[in-house]
Amino acid sequence: MNQPNRIDSWLLQDDEKPLTITEDPKIPNAATILLRKQDHTLGNMIRAQLLLDPTVLFAGYKVPHPLENDIIIKIQTDERSNPADALKRACHLLIRQTVQIKSQFMEQAKNIEMGMGPDQSLATAQTNGYDPYADSSRQGNTIVGGQFRDTNAGGADVYDF
């Protein structure tokens with residue numbers, strides 16, 4: 001069969017870097033990011049989160065070849081930010097949303113196990129909504145120095161980049 005080994009399409013080699021950022025010399029505040037061993041799932045999530053950032057002027061991604069699991073993300077920002085910082089913010093916010101979804105899922109699963117309906121816990125889960133680009137101080141979850149910590153859960157979920 002003329003198909004690559006499935007495990008080779010997701011595991012990085014020892015000398016392979018997962019991320020490469022190249023600045024665009026022709027466009028101000030623009031960069032091209034190559035993410036190795038990733039696909040449309042992560043590319044579309046990052047692109048969508050980048051487009052919510054008010055400092056991002058353009059964000060797009062492509063998969064150069066269907067048999068290679070690499071994605072190329074292009075980002076252009078205004079003078080308030082740079083593409084690397086915008087990418088870092090987008091990744092932090094995606095992790096924050098993922099942890100929030102996980103906690104809501106676990107809470108609803110616990111309520112169902114206890115015989116309560118899932119709708120009974122929705123009112124409490126939706127009152128703690130957040131605006132990721134608001135200027136007000138954030139409560140509960142903190143992002144510090146390349147790490148995400150869920151302080152409501154006692155620091156149980158930690159993601160390092």
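Remember, predicted model here, so these are calculated numbers, not experimental data.
Tyr61 and Ile33 fall within a single hydrophobic cluster, where Ile, Leu, Val, Met, Phe, Trp and Tyr side chains are chained together by heavy-atom contacts under 4.5 Å. When the side chains of ILVMFWY residues are joined at heavy-atom separations under 4.5 Å, either directly or via intervening members, Ile75 and Leu19 end up in a single hydrophobic cluster. Met45 and Val56 fall within a single hydrophobic cluster, where Ile, Leu, Val, Met, Phe, Trp and Tyr side chains are chained together by heavy-atom contacts under 4.5 Å. Ile27 and Leu50 fall into different hydrophobic clusters, defined by Ile, Leu, Val, Met, Phe, Trp and Tyr side-chain heavy atoms under 4.5 Å apart, directly or through other members.
Between atom CG of residue Leu87 and atom NE2 of residue His92 there is a gap of 9.5 Å, rounded to the nearest 0.5 Å. Taking CG from Leu35 and CD1 from Ile21, the interatomic distance works out to 8.5 Å, rounded to the nearest 0.5 Å. Between Arg96 atom CZ and Cys91 atom SG the span is 15.0 Å, to the nearest 0.5 Å. Once rounded to the nearest 0.5 Å, the distance linking NZ of Lys74 with OG1 of Thr22 reads 9.0 Å. To the nearest 0.5 angstrom, Ile46 atom CD1 is 12.0 Å from Leu93 atom CG.
Between Glu16 and Lys37, some side-chain heavy-atom pair lies under the 4.5 Å cut-off.
Scored by the side chain to side chain donor-acceptor pair (under 3.5 Å) test, Thr20 finds Arg36 as partners (sequence neighbours excluded).
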Q: Please assess Leu34 against Asp70 for the test side-chain contact (heavy atoms from CB on, under 4.5 Å), listing each intermediate value before the final yes or no.
A: CA-CA 7 Å; Leu34 173 66; Asp70 296 338; 4.0 Å; yes
Q | Stepwise side-chain contact (heavy atoms from CB on, under 4.5 Å) check, Leu52 with Gln49 | A | CA-CA 5 Å; Leu52 293 175; Gln49 189 65 45; 4.0 Å; yes
Q: Starting from the C-alpha separation in whole Å, work towards a yes-or-no answer on salt bridge (Lys or Arg N to Asp or Glu O under 4.0 Å) for Asp78 and Arg80.
A: CA-CA 6 Å; Asp78 61 13; Arg80 294 178 288 170; 2.8 Å; yes
Q: Assess whether side-chain contact (heavy atoms from CB on, under 4.5 Å) is satisfied between Thr32 and Ile73, documenting all intermediate values.
A: CA-CA 6 Å; Thr32 301; Ile73 301 172; over 6 Å; no
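The two atoms that bring Asn82 and Asp85 nearest to each other are OD1-N, 2.8 Å, heavy atoms only.
Between the Thr98 side chain and the Leu94 main chain, a donor and an acceptor come within less than 3.5 Å of each other.
Among Ile71, Val63, Asn69, the single residue meeting the side chain to side chain contact (heavy atoms under 4.5 Å, CB included) criterion with His40 is Val63.
Taking the charged nitrogens against the carboxylate oxygens, Asp53 and Arg89 do have a contact shorter than 4.0 Å, which makes a salt bridge.
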